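What follows is one structure encoded as structure tokens, with my remarks underneath.
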Amino acid sequence: MRALVFEQYAGPLEVRSVADPTPSVAGVVVRVGATGVCRSDWHGWQGHDPDIRLPHVPGHELAGTVEAVGAGVDRWHVGDRVTVPFVCGCGRCPRCAAGDHQVCDAQTQPGFTHWGSFAELVALEAADVNLVRLPDALPFSTAAALGCRYATAFRAVVHQGRVRPGEWVAVHGCGGVGLSAVQVAVAAGAQVVAVDVTDGALALAASFGATHVVDGRSADVVATVRDLTGGGAQLSLDALGSAKTCVASVSCLRPRGRHVQVGLLPPSQGRPLVPMERVVALELEVLGSHGMAAHAYPELLDLVTAGRLRPDLLVTRELSLDDAGRALAEVGREPGTAVITSF
Ligand SMILES: [Zn+2]
Ligand SMILES: [Zn+2]
């Protein structure tokens, strides 16, 4: 199969021919129909993920068709149209038994713990636990965005953030996951303040229904967000993952507000100085969000099928695998989401 390979961190990204994967007993191999280009892939390429072994094939936001099935798989057959969460649960540990597959003790992640979907074929583990059947009408290019950014944003805003209609929600960083969070929060009836450092991302956030957009390059983002929200947001997300956006998100909350950390914060890039004195004095909640379990997808897919949520609007570029290396190296430079749709 053709795949995008790197042999050293931050080194060349080359499309070349490699051996086809075979399914494990409980796994499947999926022919990739579409795969999103995500900041997490960039982190992996930069060497920020300790699970990665070189040489490596990135890619974790995929949708496609089941190509081969392991002998122990019951629910899936060749030809089924599927996607997967980027965190695949083992199905056997106490976390999985509690339904919390997104924090599984023995999780696998395509594109991190093993080769991913910047390739014609990708192997997935514990298929009966992790595969999600796609509605026939949902194109692969839209579904590819669901597995990571959209599902992560949905869980962050709805499940972890417990958004309520009429609340003020601040979204710091409007890349793929941030714009997804804007859409989800608006659909939930919240008023959104979107913060980013590029005009293109702010324009997209406004087009998705953000009530206010704030230029993250301005001097006092926190004071601006507090002003616009009449004293602070009830819910705020760091959807980028940086010391600056994390601290701004915690700082812009009103008393009893909830901060959800969504963007990755690799320690090698410096840990944020979270103002814990505010967390205590204002009784803030600080929460994490790490993907979403496969069993939670029907609620999301129903909203997409009904047109209440529009992940398709996030896909601003469809590329070929030959363009994937450049798109990965330049992730975040252009607003919206790039999806590889030809291999
Ligand atoms: Zn991702
Ligand atoms: Zn597990």
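Predicted model, so just to flag it, every value in this text is computed and none were measured. We count ligands from 1, going down the list as the structure has it; atoms in each ligand are counted the same way.
- With hydrogens and angles disregarded, a donor-acceptor distance shorter than 3.5 Å links the side chain of W45 to the backbone of G11.
- The Zn ion (ligand 1) lies under 2.8 Å from an N, O or S atom belonging to E61.
- R2 forms no cation-pi arrangement with F343, by the criterion of a distance under 6.0 Å to the ring centre and an angle within 45° of the ring axis.
- The distance between the ring centers of H56 and Y9 does not fall below 6.0 angstrom.
- Centred on the Zn ion (ligand 2), the angle running from C104 (SG) to C90 (SG) is recorded as 100°, rounding to 10°.
- Using a 4.5 Å cut-off on side-chain heavy atoms (C-beta onward), D41 and V331 make no contact.
- Angle SG(C38) to the Zn ion (ligand 1) to NE2(H60), rounded to 10°: 110°.
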